[in-house]
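Input: a single structure, listed below in C-alpha cells.
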Amino acid sequence: MTYSSRLDNTFAALADPTRRAILARLALGEASVNELAKPFHMSQPAISKHLKVLERAGLISRGRDAQRRPRRIEAKPLAEADEWLEKSRKLWEKRFRHLDDLLDELKGDQRKRRHTKR
C-alpha cells in the first residue's frame, strides 16, 4: 500500500465521529468489542463494521487473550497523518507570510502615492 493510499484510508476512517470516539476510548487502553459498543446506541454488527474500517486503515489491531479478542490502537497511521498535516500547515503558514508581506508592500505603495498627491 502506498503512502498516499494509507493517508486516504486514515482520513476516511477518521471522518466518522463514531470511529473517532472508538479511537479515543482505545487511547486509554485495549478493549473488547462489547466494551467498545457500550457507549453507543447501535448493534454489535454496526460497531463491528466500524472496527473493520479502523482495522483496514491500520488504526487498530486485534489481539488474542484466551477467548477475548481485545482491540488496541496503532500509532503509526496517526503519526503519518500528523506528519502530513504538519507539512501542510508549514506550507500554508509560509504562503500566508508571503501574502502578508505582499499586502504590507502594497499598503506602503498606497501611502507613498497619497503623500505625493498632496
Side-chain angles (χ1 to χ4, degrees):
M1 187 180 292
T2 67
Y3 176 77
S4 181
S5 62
R6 286 194 314 270
L7 276 177
D8 291 346
N9 288 340
T10 298
F11 285 119
L14 293 174
D16 185 273
T18 300
R19 292 191 285 267
R20 290 193 305 272
I22 290 169
L23 288 173
R25 166 53 188 88
L26 290 174
L28 302 174
E30 64 182 34
S32 69
V33 174
N34 289 333
E35 292 167 334
L36 293 170
K38 277 182 188 177
F40 303 103
H41 298 289
M42 60 178 67
S43 66
Q44 192 273 336
I47 289 292
S48 291
K49 285 182 182 180
H50 284 293
L51 294 175
K52 285 180 185 173
V53 171
L54 291 168
E55 283 180 32
R56 278 195 305 271
L59 291 164
I60 66 172
S61 61
R62 188 184 323 189
R64 187 176 191 127
D65 182 15
Q67 297 299 317
R68 195 167 168 260
R69 304 254 191 291
R71 293 337 195 257
R72 66 182 57 88
I73 197 165
E74 295 295 333
K76 185 178 178 187
L78 292 172
E80 287 178 344
D82 183 57
E83 178 183 319
W84 183 86
L85 288 168
E86 183 63 19
K87 285 179 184 176
S88 296
R89 184 186 64 77
K90 286 179 180 177
L91 171 73
W92 283 105
E93 282 180 352
K94 181 179 176 183
R95 288 179 179 178
F96 285 133
R97 277 194 308 273
H98 178 71
L99 183 58
D100 284 342
D101 293 344
L102 182 60
L103 290 172
D104 288 342
E105 185 180 317
L106 291 173
K107 285 179 187 176
D109 288 348
Q110 283 180 345
R111 285 186 198 121
K112 287 179 188 176
R113 279 191 224 128
R114 274 191 233 139
H115 288 294
T116 56
K117 289 182 180 179
R118 291 183 186 172

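Along the sequence shown, residues carry numbers from 1.
- Annotation: side-chain hydrogen bond (donor to acceptor under 3.5 Å, both in side chains) contacts of R6 (sequence neighbours excluded): E80.
- Minimum heavy-atom separation, P77 to G58: CG-O, 3.1 Å.
- Every residue meeting the salt bridge (Lys or Arg N to Asp or Glu O under 4.0 Å) condition with E55, not counting sequence neighbours, appears here in chain and number order: R62, R71.
- Contacts classified as salt bridge (charged side-chain N to carboxylate O under 4.0 Å, His left out) and involving residues 25-52 (residues at least two apart or in different chains) are given here: E30-R68, E30-R72, E35-R68.
- Take Q44 and apply the side-chain hydrogen bond (donor to acceptor under 3.5 Å, both in side chains) test, not counting sequence neighbours, and it matches S48.
- Applying the side-chain contact (heavy atoms from CB on, under 4.5 Å) rule to A12 yields no partners; only residues at least two apart in sequence or on another chain are considered.
- For T2, the side-chain hydrogen bond (donor to acceptor under 3.5 Å, both in side chains) partners are S5, not counting sequence neighbours.
- Remark: L78 engages L14, L59, I73 in a side-chain contact (heavy atoms from CB on, under 4.5 Å) (not counting sequence neighbours).
- Partners of D16 by side-chain contact (heavy atoms from CB on, under 4.5 Å), not counting sequence neighbours, listed by chain and number: T18, R19, H50.
- We find the CD-CG distance between E74 and L54 to be 11.5 Å, quoted to the nearest 0.5 Å.
- Among all heavy-atom pairs drawn from A81 and T10, the shortest one is CB-CG2, 4.0 Å.
- Here R56 contributes atom CZ and L51 contributes atom CG; the two are 11.0 Å apart, rounded to the nearest 0.5 Å.
- In the hydrophobic cluster analysis, where Ile, Leu, Val, Met, Phe, Trp and Tyr join through side-chain heavy atoms closer than 4.5 angstrom, V33 is grouped together with L26.
- Sorted by first and then second residue, the side-chain hydrogen bond (donor to acceptor under 3.5 Å, both in side chains) pairs with a member in residues 91-107 read R89-E93; sequence neighbours excluded.
- When hydrophobic clusters are built by joining Ile, Leu, Val, Met, Phe, Trp and Tyr residues whose side-chain heavy atoms come closer than 4.5 Å, directly or via intermediates, F11 is not grouped with M1.
- In this structure F40 satisfies the ring-ring contact (aromatic ring centres under 6.0 Å, His included) test with no other residue, sequence neighbours excluded.
- Annotation for F96: atom CZ does not count as buried by contact number, only 12 or fewer foreign heavy atoms lying within 6.0 Å.
- Every residue two or more places apart in sequence or in another chain was checked for a side-chain hydrogen bond (donor to acceptor under 3.5 Å, both in side chains) with R69, and none qualifies.
- Hydrophobic clustering places L85 together with L7 (ILVMFWY residues linked when any side-chain heavy atoms are closer than 4.5 Å, directly or through intermediates).
- R20 pairs by the salt bridge (Lys or Arg N to Asp or Glu O under 4.0 Å) definition with nothing, not counting sequence neighbours.
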